[in-house]
Protein chains: 2
Amino acid sequence: MAETARHSETRYGNRPTMKDVAARAGVGLKTVSRVVNSEPGVTPDTERRVQEAIEALGFRRNDSARVLRKGRTASIGLVLEDLADPFYGPLSRAVEEVARAHGALLINGSSAEDPEREQELALALCARRVDGLIVIPAGDDHRYLEPEIKAGVATVFVDRPAGRIDADMVLSDSFGGAREGVAHLIAHGHRRIGFIGDQPRIHTATERLRGYHAAMADAGTRVEDSWVSLGPTDPDRVRAATERMLSGPEPVTAVFAGNNRVTVTVVRVLAEQERRIALVGFDDIELADLLGITVISQDAAAVGRTAAEHLFRRLDGADHTPARVELPTTLIARGSGELPPA
Amino acid sequence: MAETARHSETRYGNRPTMKDVAARAGVGLKTVSRVVNSEPGVTPDTERRVQEAIEALGFRRNDSARVLRKGRTASIGLVLEDLADPFYGPLSRAVEEVARAHGALLINGSSAEDPEREQELALALCARRVDGLIVIPAGDDHRYLEPEIKAGVATVFVDRPAGRIDADMVLSDSFGGAREGVAHLIAHGHRRIGFIGDQPRIHTATERLRGYHAAMADAGTRVEDSWVSLGPTDPDRVRAATERMLSGPEPVTAVFAGNNRVTVTVVRVLAEQERRIALVGFDDIELADLLGITVISQDAAAVGRTAAEHLFRRLDGADHTPARVELPTTLIARGSGELPPA
DNA sequence: TAGGCCCTGGACAACGTTGTCAGCTGAATG
DNA sequence: CATTCAGCTGACAACGTTGTCCAGGGCCTA
């Protein structure tokens with residue numbers, strides 16, 4: 001007896017279906033479908049009757065059934081690292097705007113920099129049959145997406161390259177940006193320059209480190225091991241790393257911060273110092289202008305927009321070979337990067 | 001002839017179905033279903049054969065069909081104002097975490113403060129049959145959601161109250177927070193205090209204004225019309241409003257900023273002034289500690305978490321009457337709010 | 001007035017999955 | 001050796017929608 005009760009409660013409160021609407025309006029099922037989809041071939045009078053029935057019953061089309069029938073979901077998935085990160089907010093929003101322009105919804109999730117969670121999320125989105133997928137890689141092996149891509153899920157990797165798979169990518173010029181930033185410090189007289197970046201398994205982290213080394217090499221400047229620190233970007237570690245560089249036998253006179261989270265912490269630590277230490281950070285930050293922080297800026301919104309547009313171009317049938325787009329960065333001088341060595 | 005070609009290309013690259021897997025593994029359809037859902041009653045040997053077929057064909061379950069059959073989508077919708085706003089990032093992330101803990105995906109969209117777009121989005125999510133809906137209202141009439149709520153979509157309104165409908169809400173104490181912030185300024189000797197807030201149709205904006213008036217009245221302090229400015233929070237308008245208050249016949253000595261966007265712009269304008277103007281802002285901001293900005297902080301993550309937990313409690317069957325939760329705010333003194341009148 | 005055409009409306013199958021139920025096999029039991 | 005039972009397995013319907021196709025009726029024309 002509990003059987004039937006449970007049943008009727010479970011499936012979303014017994015929502016009315018087109019069949020119910022049809023019955024109430026005294027028309028055929030298909031006619032309701034035509035009205036709901038604004039298809040031609042329905043008399044104004046019939047349409048009115050159907051609309052009234054829809055109104056009265058509180059009917060709403062079940063898109064799951066629609067998707068099942070049509071094959072397209074009009075939705076795309078976005079797997080990013082952390083929705084709460086100020087870099088990804090604008091990126092996500094830009095993707096959403098493009099999706100909206102194409103009549104698609106956005107489903108997104110955060111991987112929290114965990115490769116397993118990235119995979120889990122991406123595959124869950126594929127199971128929902130998103131038309132396309134934008135992934136900010138946490139892991140470095142994306143072969144698990146091969147069947148999906150082959151099956152037609154338009155996929156674009158963003159911010160970091162895909163691993164062991166040939167696919168579309170939209171990246172920022174991490175190497176060039178870091179190189180320019182460090183060269184900027186060198187140009188202002190610095191030689192002992194620290195680098196604090198993210199974990200080495202993250203591509204952008206190693207690219208930026210590579211840029212650092214390139215700039216130092218360009219200037220014929222030696223690099224001490226103790227000036228470089230890669231690892232998780234939680235405040236505690238970054239703080240410790242910064243303080244270590246500032247207090248060693250050969251203390252640095254400038255720091256290059258590998259991303260926005262690092263920059264924020266480094267700024268705090270530097271504010272506590274007596275010496276004025278120069279700083280250039282990768283990624284712009286809100287209010288950085290007021291704090292006078294010199295940054296290498298990458299346009300998160302542009303990255304997201306580019307990726308999404310690329311994705312929809314793919315969906316619209318263009319099946320050129322996988323493309324790799326690299327967007328330039330901009331150095332914005334605001335003071336902290338122009339301080340002379342102390 | 002193009003007919004068949006178009007057809008076969010359209011539906012997502014002819015993905016394999018359970019039927020295909022069954023055929024390849026030489027088993028029945030239902031057995032594949034059992035394996036995919038880890039249901040009991042399958043011989044290890046059979047399971048292996050099925051797994052191999054799945055592997056070989058690159059099969060992935062079609063969740064649309066599953067949803068159609070089962071009635072639950074294991075996903076919730078979040079309609080917010082702007083994903084790129086630093087207040088909503090953490091909120092969204094908190095919702096996501098709770099959803100994840102309940103095995104649900106998050107679909108979200110930005111209303112851009114447009115009531116029509118809010119409705120469009122919310123209803124689109126309902127058509128996808130999300131199990132629950134979290135809405136940060138842009139409009140002030142949510143009767144359009146009545147049939148959905150009646151049909152079983154667990155709905156929670158956040159940050160601002162629902163309009164003309166009885167539903168669950170999770171709010172911050174805008175009135176109390178603003179009152180405390182303004183009282184703080186008064187306690188530090190200010191009498192001519194400006195208020196810059198969002199458009200009056202936004203509930204939190206008027207609540208905060210009410211708090212401002214309450215604090216001023218508490219102190220028996222007169223309020224000039226020219227000290228109050230409500231409107232869109234784009235930098236240009238806020239800048240103009242701020243400059244007007246600072247240059248009138250009775251210039252203010254302190255400003256209360258109605259939200260984070262306003263605060264950011266006001267900080268910029270104040271930095272250009274010769275006089276030191278006191279400031280308290282509603283919402284905390286990244287790096288506000290370094291800039292010494294005193295704020296009324298509301299915990300965005302806590303708001304999101306509370307709302308999501310409430311939603312899932314609803315889904316789990318608790319059908320108490322609609323609840324209204326109000327979360328407290330915290331004043332964080334950092335210097336800008338403690339400046340004496342100039 | 002008869003014939004043909006267009007316009008509207010409806011019956012039916014199909015989308016890919018899961019729930020129900022019945023059949024089959026092999027082992028355990030009388 | 002017959003019978004029962006349990007454990008696997010598969011056939012079939014159903015979920016709610018849309019595409020296909022056909023029927024009926026009104027209107028125009030010859």
Side-chain angles (χ1 to χ4, degrees), chain A residues 3-4 6-8 10-23 25-50 53-54 57 59-74 126-129 151, chain B residues 3-4 6-8 10-50 53-54 57-74 126-129 151:
Chain A
E3 199 52 37
T4 53
R6 172 148 45 79
H7 181 80
S8 64
T10 298
R11 47 184 56 274
Y12 25 60
N14 287 327
R15 297 196 72 132
T17 71
M18 285 192 176
K19 205 160 134 192
D20 301 323
V21 175
V27 301
L29 181 54
K30 180 65 201 191
T31 301
V32 177
S33 172
R34 275 193 268 263
V35 171
V36 169
N37 295 292
S38 322
E39 283 173 25
V42 180
T43 329
D45 180 60
T46 308
E47 170 158 5
R48 192 185 43 72
R49 286 214 318 283
V50 172
I54 288 177
L57 296 174
F59 167 80
R60 182 153 318 278
R61 180 178 64 197
N62 184 331
D63 272 352
S64 293
R66 172 171 229 256
V67 160
L68 180 59
R69 190 63 235 258
K70 304 202 73 145
R72 284 267 169 134
T73 56
C126 288
R128 308 243 161 172
R129 294 294 185 269
Chain B
E3 199 51 36
T4 54
R6 171 149 48 77
H7 180 80
S8 64
T10 297
R11 52 183 54 275
Y12 24 60
N14 288 326
R15 297 197 70 133
T17 71
M18 284 193 177
K19 205 161 136 190
D20 301 323
V21 174
R24 171 149 186 148
V27 302
L29 181 53
K30 179 64 200 191
T31 299
V32 177
S33 172
R34 275 194 267 263
V35 171
V36 169
N37 294 292
S38 323
E39 283 172 26
V42 180
T43 326
D45 181 60
T46 310
E47 171 158 4
R48 193 186 42 72
R49 287 215 317 284
V50 172
I54 288 177
L57 295 175
F59 167 80
R60 183 156 313 281
R61 179 179 66 197
N62 184 332
D63 272 352
S64 292
R66 170 170 232 257
V67 161
L68 179 57
R69 191 61 234 257
K70 304 204 72 145
R72 283 268 167 130
T73 56
C126 288
R128 308 244 160 172
R129 294 293 188 270

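Reminder, nothing fancy here: chain letters follow the sequence lines and each chain counts from 1.
Shown for residues 33-50 of chain A: residues whose heavy atoms fall under 4.0 angstrom of DNA chain D, namely A:Ser33, A:Asn37, A:Glu39.
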**Message:** Test salt bridge (Lys or Arg N to Asp or Glu O under 4.0 Å) on A:Arg49 and A:Asp45; report intermediate values, then the result.
**Reply:** CA-CA 6 Å; A:Arg49 286 214 318 283; A:Asp45 180 60; 3.4 Å; yes

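Taking only side-chain nitrogens and oxygens, B:Arg69 never comes nearer than 4.0 Å to OP1 or OP2 of D:dA14. Proximity of B:Thr31 to the phosphate of D:dT9: no side-chain N or O atom is located under 4.0 Å from OP1 or OP2.
Side-chain proximity of A:Val27 to the nucleotides C:dG10, C:dT18, D:dT17 is greatest for C:dG10. Of the candidates C:dT18, D:dT18, D:dT17, the closest approach to any side-chain atom of A:Lys70 belongs to D:dT18.
Looking at every heavy atom in both residues, B:Ser64 comes nearest to A:Val67 through OG-CG1, 3.1 Å. Between B:Asp20 and B:Thr17 the shortest heavy-atom distance is OD2-N, 2.8 Å. Closest approach of B:Arg34 to B:Pro40, counting heavy atoms only: CD-O, 3.9 Å. Of all the heavy atoms in B:Phe59 and B:Val36, the pair that sits closest is CE2-CG2, 3.9 Å.
Taking atom CZ of residue B:Arg60 and atom P of nucleotide C:dG16, one finds them 16 Å apart after rounding to whole Å. One atom, CG of A:Asp63, and another, P of D:dT17, lie 9 Å apart when rounded to the nearest Å. Taking atom CZ of B:Arg129 as the reference point, atom P of D:dG16 lies 9 Å away to the nearest angstrom. Taking atom CG of B:Asn62 as the reference point, atom P of C:dT17 lies 6 Å away to the nearest angstrom. The distance between atom CE of B:Met18 and atom P of C:dG19, rounded to the nearest whole Å, is 10 Å. Taking atom CZ of residue A:Arg66 and atom P of nucleotide C:dT17, one finds them 20 Å apart after rounding to whole Å. Atom CG in B:Leu29 sits about 14 Å away from atom C1' in C:dT20, given to the nearest Å. Atom-to-atom, CG of B:Leu68 to C1' of C:dA14 comes out at 12 Å; the value is rounded to the nearest Å.
Between the side chains of B:Asn62 and A:Arg128, no donor-acceptor pair is found at a separation under 3.5 Å.
Terminal axes of the helix from C:dT1-D:dA30 to C:dG30-D:dC1 (five pairs each, C1' rotation axis) are separated by 50°, to the nearest 10°.
In this structure, the separation between CD on A:Glu47 and OG on A:Ser38 is 7.5 Å, given to the nearest 0.5 Å.
For a distance-only test at 3.5 Å, the side chain of A:Lys19 fails to qualify as a donor-acceptor partner of the base of D:dG16.
Judged by distance alone, with hydrogens and angles left aside, the side-chain atoms of A:Thr73 form a donor-acceptor pair with the main-chain N or O of A:Arg129 at under 3.5 Å.
When the salt bridge (Lys or Arg N to Asp or Glu O under 4.0 Å) test is applied to B:Arg60, the partners found at least two apart in sequence or on another chain are A:Glu148.
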